Amino acid sequence: GIRRIILIEDAQHLNEESSNALLKMLEEPPPDCVFILTSQSPKSVLPTIASRAQMLQVHPISLNQAQAYWLAQYPAKKIETAWQLSQGSAGLTVALLQDQNDHPLKLAVEDAKRYLSQDKYQRLLTTDALSRDKQQLKLMLEALARVLSALHHGAAQRSNTVQQKRLLAGRRLV
């Protein structure tokens, strides 16, 4: 029987040392232990870790599903905004709706919004600081992609072609 379940959320954020330690555990796991790892993609963890795991793909929720579930608690516009930023990720949608300040991607989305509102000089300083921390840089790029995608979607709904082109260029850069 299984006595222990070890859950590692957001395994894509493990640094090299912890990834190697996890790999050693996965090579010879204790017989009564199950490891569950979550990540954005199997490609975002070490290939040797991914090769020792059984993949279970969780599909994003649709906007209709999000509204049906949360409409009694939140306004439809807030649900739609959270859903667009999360791109259907249930955990991030909840974090955005409930203003949870401990969700790493929610924090990165807030950082990305601040980054986009900065002038060029401030952006260069921020980028320089991020370049020293690859995990934070990776998280920021993911958050920027989400924010720009949501903004692009909004511009498309308003038929604002000038803004659409500008946002599409930004998304390509990210």
Side-chain angles (χ1 to χ4, degrees), residues 2 4-23 25-26 29 33-117 126 130 133-157 167 170-171 174:
I2 298 171
R4 258 182 282 164
I5 297 175
I6 299 172
L7 173 64
I8 301 174
E9 291 184 281
D10 299 316
Q12 71 271 10
H13 299 304
L14 294 173
N15 63 25
E16 186 177 348
E17 294 83 20
S18 29
S19 291
N20 288 330
L22 175 62
L23 182 58
M25 289 293 299
L26 292 176
C33 192
V34 172
F35 289 84
I36 300 174
L37 287 78
T38 68
S39 75
Q40 296 295 322
S41 160
K43 295 177 183 172
S44 62
V45 295
L46 286 177
T48 49
I49 290 176
S51 71
R52 287 170 175 75
Q54 182 177 357
M55 305 293 168
L56 175 65
Q57 191 171 22
V58 179
H59 297 283
I61 58 173
S62 71
L63 177 56
N64 289 340
Q65 290 170 324
Q67 288 177 330
Y69 188 80
W70 286 298
L71 198 52
Q73 297 171 293
Y74 302 99
K77 185 63 180 165
K78 185 171 182 176
I79 295 168
E80 184 176 351
T81 301
W83 180 82
Q84 286 178 350
L85 275 172
S86 72
Q87 297 177 348
S89 165
L92 182 54
T93 302
V94 170
L96 292 167
L97 287 171
Q98 296 178 351
D99 292 324
Q100 294 175 359
N101 290 324
D102 59 345
H103 194 285
L105 195 50
K106 187 217 183 256
L107 296 173
V109 165
E110 297 303 321
D111 288 343
K113 288 178 182 178
R114 275 192 297 280
Y115 179 83
L116 291 172
S117 68
T126 302
L130 282 170
D133 185 346
K134 289 183 182 176
Q135 291 295 351
Q136 278 301 110
L137 178 60
K138 199 173 177 182
L139 197 56
M140 174 63 105
L141 289 172
E142 183 179 345
L144 275 171
R146 288 175 183 270
V147 169
L148 291 171
S149 175
L151 291 171
H152 188 228
H153 180 76
Q157 284 182 329
L167 289 166
R171 289 177 71 186
V174 170

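Everything numeric in this text was worked out from a predicted model, so none of it was measured.
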Heavy-atom closest pair, residues Ala82 and Leu96: O-CD1, 3.5 Å
Spell out, as yes or no, whether a donor-acceptor pair under 3.5 Å connects the side chain of Ser39 to the backbone of Asp10. no
Could you give all pairs that pass the salt bridge (charged side-chain N to carboxylate O under 4.0 Å, His left out) test and reach residues 44-59, with sequence neighbours left out? Glu27-Arg52
Does Lys134, at its NZ atom, have more than 12 non-hydrogen atoms belonging to other residues, nucleotides or ligands within less than 6.0 Å? no
Kindly indicate whether the side chain of Ile79, heavy atoms from C-beta on, has any atom under 4.5 Å from the side chain of Tyr69. no
Considering the options Leu85, Leu92, Asp111, which one meets the side chain to side chain contact (heavy atoms under 4.5 Å, CB included) requirement together with Lys106? Leu92
Measure across Leu139 and Pro104 and return the closest heavy-atom pair with its distance rounded to 0.1 Å. CD2-O, 3.7 Å
Are the side chains of Val94 and Trp70 in touch, meaning some heavy atoms are under 4.5 Å apart? yes
Do Leu22 and Val45 touch side chain to side chain, with heavy atoms closer than 4.5 Å? no
Ser41 versus Gln12: any side-chain heavy-atom pair under 4.5 Å? no
Whether the side chain of Trp83 engages the backbone of Gln67 through a donor-acceptor N/O pair (distance < 3.5 Å, no angle test) should be reported. no
Are any of the side-chain heavy atoms of Leu148 and Leu116 separated by less than 4.5 Å? yes
What one should report as the nearest heavy-atom pair of Ile49 and Ser19 is CD1-O, 3.6 Å
Considering all heavy atoms of both residues, which atom of Met140 and which atom of Ala108 are nearest to each other, and what is their separation? SD-O, 4.3 Å
Salt bridge (charged side-chain N to carboxylate O under 4.0 Å, His left out) partners of residues 144-157, not counting sequence neighbours, each pair once: Glu142-Arg146
Nearest heavy atoms of Ser89 and Pro60, plus distance in Å: N-CB, 4.5 Å
